[in-house]
Q: 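This is the structure, below, for whatever I ask next.
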There are 4 protein chains.
Amino acid sequence: MTNSQRVQAAGAKRRRLMSAAARTVHRQGVERTTIADIARAADVPVGNVYYYFKTKDDLVAAALDEHRQQLELITGELDDLPDPRERLKRLVEGWVAQRDMAVRHGCPTGTLAAELGKREESELADATGDLVRRLLAWVEAQFRELGQPEPDALAVTLVGAYQGMSLLANALRDPQVMTREGARLTAWLDSL
Amino acid sequence: MTNSQRVQAAGAKRRRLMSAAARTVHRQGVERTTIADIARAADVPVGNVYYYFKTKDDLVAAALDEHRQQLELITGELDDLPDPRERLKRLVEGWVAQRDMAVRHGCPTGTLAAELGKREESELADATGDLVRRLLAWVEAQFRELGQPEPDALAVTLVGAYQGMSLLANALRDPQVMTREGARLTAWLDSL
Amino acid sequence: MTNSQRVQAAGAKRRRLMSAAARTVHRQGVERTTIADIARAADVPVGNVYYYFKTKDDLVAAALDEHRQQLELITGELDDLPDPRERLKRLVEGWVAQRDMAVRHGCPTGTLAAELGKREESELADATGDLVRRLLAWVEAQFRELGQPEPDALAVTLVGAYQGMSLLANALRDPQVMTREGARLTAWLDSL
Amino acid sequence: MTNSQRVQAAGAKRRRLMSAAARTVHRQGVERTTIADIARAADVPVGNVYYYFKTKDDLVAAALDEHRQQLELITGELDDLPDPRERLKRLVEGWVAQRDMAVRHGCPTGTLAAELGKREESELADATGDLVRRLLAWVEAQFRELGQPEPDALAVTLVGAYQGMSLLANALRDPQVMTREGARLTAWLDSL
DNA sequence: TATGAATGAGGCTTCATTCAT
DNA sequence: AATGAATGAAGCCTCATTCAT
């Protein structure tokens with residue numbers, strides 16, 4: 001194995017841990033996820049986890065970062081579309097497409113925010129806030145490009161609707177919540 | 001102390017524990033709340049808690065029940081209003097009035113749903129679903145009384161908006177989310 | 001078992017833990033002593049230790065307190081002697097009598113001071129300092145009663161000699177260090 | 001890099017590790033010092049430490065050796081003085097000159113002895129004993145040269161006083177202990 | 001020799017739950 | 001019913017040591 005391969009492998013391991021952390025925390029919640037759970041999911045010996053992340057909170061932060069990357073990937077792709085309205089509609093489509101995930105575990109970011117939001121003076125709570133703000137900012141930019149007044153309020157409405165429908169779909173174990181609300185949001189975007 | 005007083009005191013203790021469980025779990029989340037936390041908040045010796053609730057999950061169920069009682073209290077009062085539209089608007093008003101709580105700890109039911117929704121095959125998850133359904137049913141009844149088509153979808157929209165705005169207000173630590181979205185919902189209800 | 005007996009038993013357990021902590025820490029040093037070591041020595045289940053002491057440092061503080069009690073017991077008895085010179089000579093005698101302990105593990109307070117003195121801004125370091133000061137204060141009082149000038153300096157000399165001879169006896173594994181130095185100190189006290 | 005340069009560099013690394021071990025262990029104590037601490041202080045990668053020292057105990061032994069070298073350096077220089085009394089007085093002077101170090105971390109050898117002396121059947125304990133004996137032997141030689149009877153006992157007294165005053169200075173965080181006791185020892189040496 | 005990475009044993013601590021009165 | 005105390009199963013984290021190259 002060459003040096004660069006080793007570095008790559010090491011980077012890969014770190015990334016595996018980040019992804020495993022994101023996945024496991026989404027499925028089980030922060031507090032019900034143990035380091036051992038994440039280690040197992042990443043196929044890494046428990047003791048070795050601490051070589052990459054000093055504390056469990058660091059791993060949770062990494063999970064947040066993973067979601068941030070996901071977000072940027074998605075919005076980055078949507079940015080290729082010429083029409084901001086189309087971008088928003090595709091965003092909603094994506095949410096609906098993931099409805100089964102929402103039914104089982106809720107929105108990854110939203111449930112993380114709900115759990116971490118209870119911590120006071122916490123870096124993790126702040127980081128979750130940042131992540132949410134990032135999504136809001138992107139959505140707001142689309143509304144602004146559409147020439148809408150109060151694009152920030154519209155962004156809160158749209159993202160809030162997504163959070164609400166994910167939470168209800170999860171609580172009711174009903175994917176229809178996602179499809180129906182998704183359709184409503186799409187219609188609403190078209191009506192603007 | 002007479003026998004009936006003792007029974008009453010015991011009932012009071014149980015109720016104190018329920019209320020303390022609801023309050024503490026709302027503030028800290030299920031997993032970060034210990035039995036000792038609840039016992040302290042209820043001013044009940046730890047060992048005694050188990051006389052009233054066999055397990056921690058039972059206490060969480062009791063917290064859910066406490067929220068259910070709250071819900072019934074509120075909807076019961078609203079039912080006194082003659083106009084269903086007014087009832088819904090007052091409901092939204094109540095949400096906005098509690099914005100500081102939402103900012104600090106989110107919606108009690110919603111955050112509980114987010115945390116418990118991760119559990120599979122869990123009575124607690126089911127119970128949370130029931131609680132959410134109860135609210136939805138009441139809201140749906142109002143929309144039906146208003147002669148709206150698809151009152152169930154409208155209920156999901158309204159309650160989802162509440163869940164979403166609570167989550168965002170909490171994540172962003174911003175009460176304005178509640179006031180602005182509240183105003184929008186009120187206007188929407190007026191427009192129906 | 002009556003209530004008072006139970007309380008007594010509980011107190012006894014706490015005291016057993018304190019004594020075990022003092023003994024074990026003296027024998028093994030702070031860092032090489034585990035909570036499990038102390039629990040075993042006190043015949044208490046590990047988990048139960050935390051009912052009495054919140055942290056390991058608390059247990060070490062308790063060990064210090066145990067030594068403080070020992071010190072007060074000893075000086076209290078010596079205070080019954082009418083002559084302060086005699087008191088000091090008996091103190092030295094006591095040190096020499098314990099020479100085998102010194103050879104094996106050094107002076108309990110001194111070795112604790114050596115180990116904890118490395119911690120900066122530490123309550124334990126402060127507590128050790130207090131304990132040392134207590135002994136110094138008592139010795140100083142005797143020298144003052146003897147009409148000696150600079151009784152505080154003499155106290156430092158005497159206690160310092162004790163610490164030094166204990167350390168050397170331990171390092172050299174030689175009880176003679178204690179007897180010879182003890183004799184010298186006795187002669188010195190007589191010469192004042 | 002030539003072969004000899006490499007060997008020299010390697011030797012330098014080894015020496016750097018020894019010195020770092022001595023310094024770090026003196027500051028933090030044996031058990032609170034990690035291999036990583038020493039590696040960092042020596043600016044050597046952790047994994048590389050084991051090329052020079054097989055175990056942590058070997059590193060501690062190296063620290064002891066470092067102190068032995070220091071001792072020999074000091075006594076070697078003092079041996080240049082013609083008068084043994086002067087040599088001893090200068091030794092004491094050196095101790096007092098280092099009072100701030102004593103206040104912060106105690107005597108390097110003494111605190112090591114206190115910590116390692118608790119180990120039974122330990123090579124490290126033996127090695128510490130040897131180091132102490134070396135100092136005693138040198139001091140004893142001076143007293144012998146001065147024609148004092150029982151030079152070994154006098155050596156124990158002097159070195160013991162040093163250990164005692166270092167320990168007290170450290171425990172009380174008071175450099176005055178060093179200056180006052182140093183002055184007393186100097187006067188004592190003059191009086192012999 | 002040099003080095004980042006890996007490994008696993010063990011220590012501290014928490015906490016739901018049970019026990020003895 | 002009431003209560004302090006007891007119990008033990010985890011969970012998080014550290015660290016000496018080893019490995020692979």
Side-chain angles (χ1 to χ4, degrees), chain A residues 1-3 5-7 9-11 13-14 31-39 44-59, chain B residues 1 3 6-7 9-11 13-14 31-39 44-59, chain C residues 1-3 5-7 9-11 13-14 31-39 44-59, chain D residues 1 3 6-7 9-10 13-14 31-39 44-60:
Chain A
M1 195 187 259
T2 69
N3 220 333
Q5 275 177 318
R6 214 180 308 128
V7 166
K13 209 164 188 179
R14 193 175 205 285
E31 298 296 335
R32 288 171 76 91
T33 295
T34 70
I35 301 265
D37 287 339
I38 297 172
V44 166
V46 194
N48 197 14
V49 171
Y50 287 88
Y51 184 79
Y52 297 95
F53 300 96
K54 252 184 267 302
T55 64
K56 183 182 175 182
D57 272 8
D58 277 6
L59 260 175
Chain B
M1 194 188 256
N3 228 331
R6 219 179 291 130
V7 166
K13 230 174 193 179
R14 192 173 207 285
E31 296 297 333
R32 287 171 77 91
T33 295
T34 68
I35 300 267
D37 287 339
I38 297 172
V44 166
V46 197
N48 200 9
V49 172
Y50 282 82
Y51 180 77
Y52 298 96
F53 299 96
K54 248 189 272 301
T55 66
K56 185 181 176 182
D57 274 7
D58 280 2
L59 258 174
Chain C
M1 195 187 257
T2 69
N3 221 332
Q5 275 177 318
R6 213 180 311 129
V7 166
K13 211 167 188 178
R14 195 176 203 283
E31 298 296 334
R32 289 172 75 92
T33 295
T34 69
I35 301 263
D37 287 339
I38 296 172
V44 167
V46 193
N48 197 12
V49 171
Y50 286 85
Y51 185 80
Y52 297 94
F53 299 96
K54 252 186 265 306
T55 65
K56 184 181 175 181
D57 272 8
D58 277 6
L59 259 175
Chain D
M1 194 189 259
N3 227 332
R6 218 178 295 130
V7 166
K13 232 175 193 179
R14 192 173 209 285
E31 296 298 333
R32 288 171 77 92
T33 295
T34 69
I35 301 268
D37 286 339
I38 297 172
V44 166
V46 197
N48 200 8
V49 171
Y50 282 82
Y51 179 77
Y52 297 96
F53 300 96
K54 249 187 274 299
T55 65
K56 184 181 177 182
D57 274 7
D58 280 2
L59 259 173
V60 176

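Keep in mind that the numbers below use all heavy atoms, side chains included, and drop hydrogens, waters and symmetry copies. Sequence lines set the chain letters: A, B, ... in the order given, protein chains first and strands last, and positions in each chain run from 1.
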Q: Please give, in whole Å, the distance from F:dG11 C1' to A:Leu59 CG?
A: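 Rounded to whole Å, this separation is 14 Å.
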Q: Can you name the closest pair of heavy atoms from C:Ala39 and C:Pro45 and give their distance?
A: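 Closest pair (atom of C:Ala39, atom of C:Pro45, distance): CB-C, 4.5 Å.
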Q: Using whole Å, what does the distance between atom C1' of nucleotide F:dC15 and atom CZ of C:Arg32 come to?
A: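 Nearest whole value for this atom pair: 14 Å.
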Q: CZ of B:Arg14 versus P of F:dA2: gap in Å, rounded?
A: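 Taking atom P of F:dA2 as the reference, CZ of B:Arg14 is at 13 Å.
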Q: Roughly, in whole Å, what's the span from OH in C:Tyr51 to P in E:dA16?
A: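 Computing the C:Tyr51:OH to E:dA16:P distance gives 16 Å.
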Q: What is the distance, rounded to the nearest whole Å, between atom OH of A:Tyr52 and atom C1' of F:dC13?
A: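 Answer to the nearest Å: 18 Å.
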Q: Just compare F:dT3, F:dT7, E:dA6 and give me whichever is closest to any side-chain atom of A:Asn48.
A: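 Looking only at heavy atoms from C-beta outward on A:Asn48, the closest nucleotide is E:dA6.
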Q: Determine the minimum heavy-atom distance between D:Val44 and D:Asn48, stating which atoms define it.
A: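 The pair with the smallest heavy-atom distance is CG1-CB, 3.8 Å.
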Q: Which letter, B, S or -, goes with each nucleotide of nucleotides 9-14 of chain E from 5' to 3', with contact meaning a protein heavy atom under 4.0 Å?
A: --SSBB
Q: Between D:Ile38 (CD1) and F:dT14 (C1'), how many Å, whole number?
A: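 It works out to 16 Å between those atoms.
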Q: Give me the bend of the helix from E:dA2-F:dT21 to E:dT21-F:dA2, using the axes of the five pairs at each end, rounded to 10°.
A: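 What I find for the helix from E:dA2-F:dT21 to E:dT21-F:dA2 is an axis angle of 20°.
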Q: Does OP1 or OP2 of E:dA6 have a side-chain N or O of A:Lys13 closer than 4.0 Å?
A: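 Yes, within the criterion.
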Q: Counting only side-chain heavy atoms from C-beta out, which of E:dA5, E:dA2, F:dG4 sits nearest to B:Pro45?
A: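 Closest of the options to the side chain of B:Pro45: F:dG4.
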Q: Give the rounded distance in Å between these two atoms: CZ of A:Phe53 and P of E:dA5.
A: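 Taking CZ of A:Phe53 and P of E:dA5, I get 13 Å after rounding.
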Q: Please report the shortest heavy-atom distance between B:Phe53 and B:Asp58, naming the atom on each side.
A: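 Nearest pair, atom of B:Phe53 first, then B:Asp58: CD2-O, 4.0 Å.
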Q: Would a 4.5 Å heavy-atom cut-off, applied to side chains only, mark D:Ile38 and D:Val49 as touching?
A: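 Side-chain contact under 4.5 Å: no.
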Q: For C:Lys13 versus C:Tyr52, what's the shortest heavy-atom pair and its separation?
A: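 Looks like CD-OH, 3.6 Å.
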Q: Specify the closest pair of heavy atoms between A:Glu31 and A:Lys56, including all atoms of both residues, with the distance to one decimal.
A: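 Heavy-atom minimum between the residues: O-NZ, 4.1 Å.
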Q: Is there a side-chain contact between D:Ile35 and D:Tyr50 (heavy atoms, below 4.5 Å)?
A: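 Yes - at least one pair of side-chain heavy atoms lies under 4.5 Å apart.
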